[in-house]
Amino acid sequence: DGGITQSPKYLFRKEGQNVTLSCEQNLNHDAMYWYRQDPGQGLRLIYYSQIVNDFQKGDIAEGYSVSREKKESFPLTVTSAQKNPTAFYLCATRGGGSDEQYFGPGTRLTVT
Amino acid sequence: SQQGEEDPQALSIQEGENATMNCSYKTSINNLQWYRQNSGRGLVHLILIRSNEREKHSGRLRVTLDTSKKSSSLLITASRAADTASYFCATALATYGNNRLAFGKGNQVVVIP
């Protein structure tokens with residue numbers, strides 16, 4: 001069963017706590033991406049990684065951190081420094097010589 | 001940076017009618033892609049058009065690209081209730097190669113049965 005897994009689907013945290021969102025893929029894709037989506041808005045790029053052990057900041061990286069220790073996994077940590085963390089977070093991959101991105105089902109994070 | 005801007009932002013049509021959405025962008029691109037998102041779900045890739053292409057078809061979808069006007073349109077013919085979704089254009093900026101996409105804010109399309 002190939003695809004991208006994001007867990008959990010819903011996540012609730014108290015303000016001031018760090019939280020890590022999981023993204024796992026078995027598509028053997030090199031590139032992985034994290035986006036944030038706010039209600040009625042498009043996607044904004046947080047971080048992306050084109051290869052293991054390497055990643056780049058996107059447009060809104062402040063308050064977030066990532067790691068890419070394995071090809072299959074690209075976890076995103078939302079730190080307490082992120083001022084408005086409540087949002088829908090989407091992970092995506094790209095690979096196999098294709099320019100299109102494949103998206104996971106998303107994690108809805110609510111911080112109160 | 002947000003590059004794609006879709007127009008109109010919301011569209012309500014009867015089943016069987018055609019739906020047209022437009023997208024404009026500001027800087028040079030390698031390709032432009034359209035994605036669909038059902039409520040609360042991930043995005044699904046629909047179609048990709050490269051900067052040297054002018055028109056592309058895929059099933060009931062037709063996309064055009066005018067690089068001189070920096071704009072694209074997506075046409076869905078003979079719409080169905082299942083086409084109800086948000087549609088996003090995304091551009092692969094020439095600056096970054098095909099390594100990252102800039103998404104527009106999306107079009108909400110409602111197809112009334």
Side-chain angles (χ1 to χ4, degrees), chain A residues 3-11 21 23-25 27 29-51 54-61 74 87-110, chain B residues 1-10 21 23-25 27 29-53 56 58 61 63 65 85-109:
Chain A
I4 303 163
T5 304
Q6 289 188 248
S7 60
K9 188 172 175 66
Y10 298 96
L11 193 52
L21 280 59
C23 178
E24 304 281 330
Q25 57 111 350
L27 300 172
H29 285 176
D30 285 316
M32 296 187 74
Y33 304 82
W34 274 106
Y35 295 93
R36 170 187 173 131
Q37 186 178 31
D38 292 285
Q41 299 296 311
L43 277 64
R44 291 185 290 169
L45 182 64
I46 305 172
Y47 269 98
Y48 65 108
S49 167
Q50 296 180 64
I51 200 166
D54 186 49
F55 49 83
Q56 288 80 39
K57 292 181 179 180
D59 300 316
I60 55 164
F74 191 40
F88 189 48
Y89 290 87
L90 287 156
C91 176
T93 69
R94 181 177 63 84
S98 170
D99 293 329
E100 68 184 81
Q101 292 187 13
Y102 297 79
F103 283 81
T107 291
R108 190 166 299 279
L109 173 66
T110 302
Chain B
S1 57
Q2 289 283 356
Q3 161 141 276
E5 290 287 342
E6 293 92 342
D7 171 54
Q9 274 72 55
M21 289 155 267
C23 169
S24 61
Y25 57 92
T27 60
I29 62 171
N30 284 347
N31 65 68
L32 186 144
Q33 303 177 33
W34 286 90
Y35 288 80
R36 184 187 75 226
Q37 184 182 35
N38 290 91
S39 182
R41 310 286 286 274
L43 277 70
V44 174
H45 182 264
L46 295 176
I47 194 165
L48 179 152
I49 186 164
R50 301 197 183 280
S51 59
N52 61 353
E53 297 175 313
K56 208 160 181 185
S58 176
L61 303 179
V63 64
L65 180 64
S86 293
Y87 292 83
F88 296 88
C89 72
T91 50
L93 304 180
T95 309
Y96 295 107
N98 295 328
N99 295 324
R100 51 183 284 180
L101 296 175
F103 282 83
K105 293 181 180 173
N107 268 295
Q108 175 109 26
V109 174

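The model shown is predicted, which means the values in this text are computed figures rather than measured ones. Letters go in sequence order (proteins before strands), and every chain restarts at 1.
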Steps toward side-chain contact (heavy atoms from CB on, under 4.5 Å) verdict (B:Asn30, A:Asp99):
CA-CA 10 Å; B:Asn30 284 347; A:Asp99 293 329; over 6 Å; no
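The part of A:Tyr35 that comes within reach of chain B is its side chain, from C-beta onward, which places non-hydrogen atoms under 4.5 angstrom from that chain. Contact of A:Glu100 with chain B is made through backbone and side chain together, with heavy-atom distances under 4.5 Å. In this structure, the portion of B:Asn31 lying under 4.5 Å from any heavy atom of chain A is its side chain and not its backbone. Looking at B:Leu43, the atoms closer than 4.5 Å to chain A (heavy atoms on both sides) sit in the backbone and in the side chain alike.
Nearest heavy-atom pair across B:Arg100 and A:Tyr33 is CA-CE2, 4.2 Å. Nearest heavy atom pair, residue B:Phe88 against residue A:Gln37, reads CZ-NE2, 3.5 Å.
With chain B as the partner, the residue from A:Lys9, A:Gln101, A:Gln6 showing the most heavy-atom pairs under 4.5 Å is A:Gln101.
Interatomic distance, A:Phe103 CZ to B:His45 NE2, rounded to the nearest 0.5 Å: 10.0 Å.
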